[in-house]
Amino acid sequence: MAGIPIKFGILGCADIARKVSRAITLSPYSTLYAVGSRNVEKAAKFAKDNGFPASAKVYGSYDAVLDDPDVDAVYVPLPTSLHIKWAVLAAQKKKHLLLEKPVALNVKELDVILEACESSGLQFMDATMWMHHPRTAKMREFLNDSQRFGQLKSVQSVFTFAADPDFLENDIRVKPDLDALGALGDVGWYATRAIMWAADFELPRSVIALRGPVFNKAGVILSCGASLYWEDGKVATFHCSFLSNLTMDITAIGTKGSLHLHDFVIPLEEGKASFSTSVESGFTELVTGWVPKPSEHVVTTDLPQEAQMVKEFSRLVGSIKTEGAKPEKKWPTLSRKTQLILDAVKASIEKGFESVEVIS
C-alpha cells in the first residue's frame with residue numbers, strides 16, 4: 001500500500017495502548033494522529049511518553065477524537081463494558097475500528113457493533129495480535145497438510161498468569177461494572193481463539209464448562225475452563241486463569257502429526273518465534289526413545305506481531321479509502337465466533353455446568 005498513512009486516534013490511555021502506540025509508529029502504513037482522555041493532562045502525558053509526533057492532537061474527551069475529521073481509524077482499549085457505546089459512536093462518525101479484546105460482553109452487543117461498522121462500510125478488527133505473527137501462518141500450513149498432520153482430533157490451550165494482589169483487587173479486569181467476564185474475557189479470549197484457529201474456525205456443536213471455576217467476592221471469574229465438542233468427534237479443552245504461573249500453550253493433535261508451542265500469545269523474543277511438530281511418531285525398538293524426534297521450526301519477523309496487526313489493518317483501511325474496496329469480512333467473523341464460545345462457556349457455568357449448544 002502506497003500513499004498517505006492511516007491516521008490513528010486512540011481512545012483512552014490504557015497500559016496496552018502504549019504497546020499499540022509503538023506498533024502504530026513501527027507500521028509503515030500508519031501514524032499516531034490523536035489521543036483522547038477524560039483528562040487532557042493525562043492525554044498530553046501519554047502522547048509525550050509514547051512517541052506521538054509534535055503535531056499530534058491531544059484531546060480532553062473521547063468525543064473530540066471521534067469528531068476530528070482527519071482521524072481515519074480509532075483504536076479502542078477501553079473497558080469492555082464501554083465498548084458498545086464508543087465503538088458504535090466511532091462507526092457513526094465513520095471511523096474504522098481496531099477494538100481491544102474481549103470485543104464485547106456478549107454476542108448481542110457485538111452484533112450491534114458489527115452492524116454499525118458494516119452499515120457504514122468500515123473495517124472492523126479485534127486486537128488479537130498473535131493472529132498476525134508470521135509464525136501463525138506457518139503453523140496453519142502444517143495443520144492444513146493432510147500428509148504430515150492429517151485430520152484434527154483434539155486441541156488443548158492454556159493462557160494463565162499469576163496476578164499480584166493489587167491486580168486482583170483493583171484491575172479493571174476484576175471489576176463487574178467494567179470487565180464482567182474477568183479471566184474468561186481476558187486470557188480466555190486467547191485460549192478460545194487458539195482452539196477456534198486450530199479448528200479452522202469451525203464452530204463446535206456444544207460447550208461444557210469445567211467444574212471448579214474461581215470467582216472473586218464480586219462474582220467475577222478469576223479462573224475457569226471448558227471442553228468443546230464437534231459433530232465429527234473433535235474435542236478441545238482450555239484453561240484460563242489469573243491465579244497460575246505464566247503459561248501460553250497450544251497443543252493440536254492430528255491423525256498423523258502434532259503441533260506444540262509454549263508462547264502463542266506473546267513470543268519469548270520479539271524478532272523470532274518457534275513451534276515444534278512431530279509427524280508419524282513412534283518408539284525405538286526397545287521403547288527407549290522417539291522415532292522420528294519432534295522438529296523445531298523458527299520463524300523470524302521484521303516487525304513485532306502487534307505492528308504486523310496494525311500494518312494489515314491499515315492496509316485494509318487504505319484500500320477502502322483509496323480504491324473503494326469493501327471491508328474484509330474475515331476479521332469480524334473470527335471475532336464473532338470467538339465471542340460465541342465465550343458466551344457458551346459463561347452460560348454453561350451459570351447453568352451448573354450443563355452442555356450448551358453453540359448457535360451461530
Side-chain angles (χ1 to χ4, degrees), residues 128 130-161 187-188 190-212 225-241 244-269 271-301 305 334 337-338 341 345 355 358:
T128 309
W130 73 271
M131 294 292 296
H132 302 269
H133 197 292
R135 171 176 65 176
T136 304
K138 284 294 183 183
M139 295 189 298
R140 180 80 261 158
E141 290 176 9
F142 176 70
L143 296 184
N144 287 347
D145 190 328
S146 61
Q147 297 304 308
R148 293 191 296 158
F149 183 75
Q151 180 184 358
L152 179 66
K153 287 296 186 180
S154 69
V155 188
Q156 293 84 44
S157 68
V158 178
F159 185 13
T160 64
F161 65 87
V187 285
Y190 292 101
T192 56
R193 172 61 65 88
I195 290 171
M196 292 305 298
W197 168 80
D200 207 15
F201 291 94
E202 176 192 353
L203 284 169
R205 177 192 71 234
S206 60
V207 170
I208 301 177
L210 302 181
R211 293 182 179 274
S227 296
L228 289 67
Y229 302 89
W230 281 259
E231 292 284 358
D232 64 0
K234 287 193 299 289
V235 295
T237 59
F238 78 85
H239 176 66
C240 63
S241 178
S244 303
N245 188 54
L246 181 61
T247 304
M248 302 176 173
D249 287 1
I250 300 174
T251 297
I253 305 170
T255 51
K256 295 183 178 181
S258 302
L259 177 144
H260 301 274
L261 69 157
H262 303 294
D263 60 347
F264 82 94
V265 179
I266 300 172
L268 298 174
E269 298 181 52
K272 65 179 181 179
S274 67
F275 63 98
S276 67
T277 59
S278 54
V279 178
E280 296 186 341
S281 304
F283 300 116
T284 57
E285 183 179 355
L286 292 179
V287 196
T288 57
W290 287 42
V291 178
K293 294 179 179 178
S295 56
E296 184 176 11
H297 310 267
V298 178
V299 181
T300 59
T301 178
Q305 60 185 12
L334 303 192
K337 288 185 174 184
T338 307
I341 303 302
V345 174
S355 176
V358 179

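Across Ser157 and Ala191, no two heavy atoms sit closer than the pair OG-O, 2.8 Å. Here the shortest heavy-atom pairing between Pro204 and Val358 reads O-CB, 3.4 Å. Pairing each heavy atom of Ser146 with each of Lys256, the nearest pair is O-CD, 3.5 Å. Nearest heavy atoms, Gly150 versus Thr255: CA-OG1, 3.4 Å. Looking at every heavy atom in both residues, Met196 comes nearest to Glu202 through CE-O, 3.6 Å. Between Ser241 and Val187 the shortest heavy-atom distance is N-CG2, 3.7 Å.
Without hydrogens or angle criteria, Ser258 side chain to Ile253 main chain gives no donor-acceptor distance under 3.5 Å. Under the 3.5 Å distance criterion, the side-chain polar atoms of Thr284 are matched with a main-chain donor or acceptor of Gly289.
Taking the side chain as every heavy atom from C-beta outward, Gln156 and Asp249 never approach each other to under 4.5 Å. Two residues are said to be in side-chain contact when any heavy atoms from C-beta on lie closer than 4.5 Å; Tyr229 and Ile208 meet this criterion. Using a 4.5 Å heavy-atom threshold, the side chains of Val155 and Lys234 count as separate. Leu152 places none of its side-chain heavy atoms less than 4.5 Å from the side chain of Leu143. The side-chain heavy atoms of Leu246 and Phe159, taken from C-beta on, include a pair separated by under 4.5 Å. Side-chain contact between Asp232 and Gln151: present, with at least one pair of heavy atoms (C-beta onward) separated by less than 4.5 Å.
In this structure, CE on Met248 lies 11.0 Å from CG on Leu261, to the nearest 0.5 angstrom. In this structure, Phe149 CZ and Arg140 CZ are separated by 8.5 Å, a value rounded to the nearest 0.5 Å. The CZ atom of Phe264 sits 10.0 Å away from atom OG1 of Thr136, with the distance rounded to the nearest 0.5 Å. Residue Thr288 holds its OG1 atom at 10.5 Å from CZ of Phe283, rounded to the nearest 0.5 Å. Here the straight-line distance linking atom OG of Ser274 with atom CE of Met139 works out to 10.0 Å at 0.5 Å rounding. For the atom pair OG1 (Thr128) and CD (Gln305), the distance works out to 10.0 Å, reported to the nearest 0.5 Å.
Looking at Asp263, Thr300, Thr301 one by one, the single match for side chain to side chain donor-acceptor pair (under 3.5 Å) with Arg135 turns out to be Asp263. Of the listed residues (Val265, Ile266, Ile250, Val158), just one forms a side chain to side chain contact (heavy atoms under 4.5 Å, CB included) with Tyr190, and that residue is Val265.
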Under the side chain to side chain donor-acceptor pair (under 3.5 Å) rule, what do His297 and Ser295 come out as? Steps first, then yes or no, please. CA-CA 7 Å; His297 310 267; Ser295 56; 3.1 Å; yes
Step by step, work out the side chain to side chain contact (heavy atoms under 4.5 Å, CB included) result for Ile341 and Arg193. CA-CA 9 Å; Ile341 303 302; Arg193 172 61 65 88; over 6 Å; no
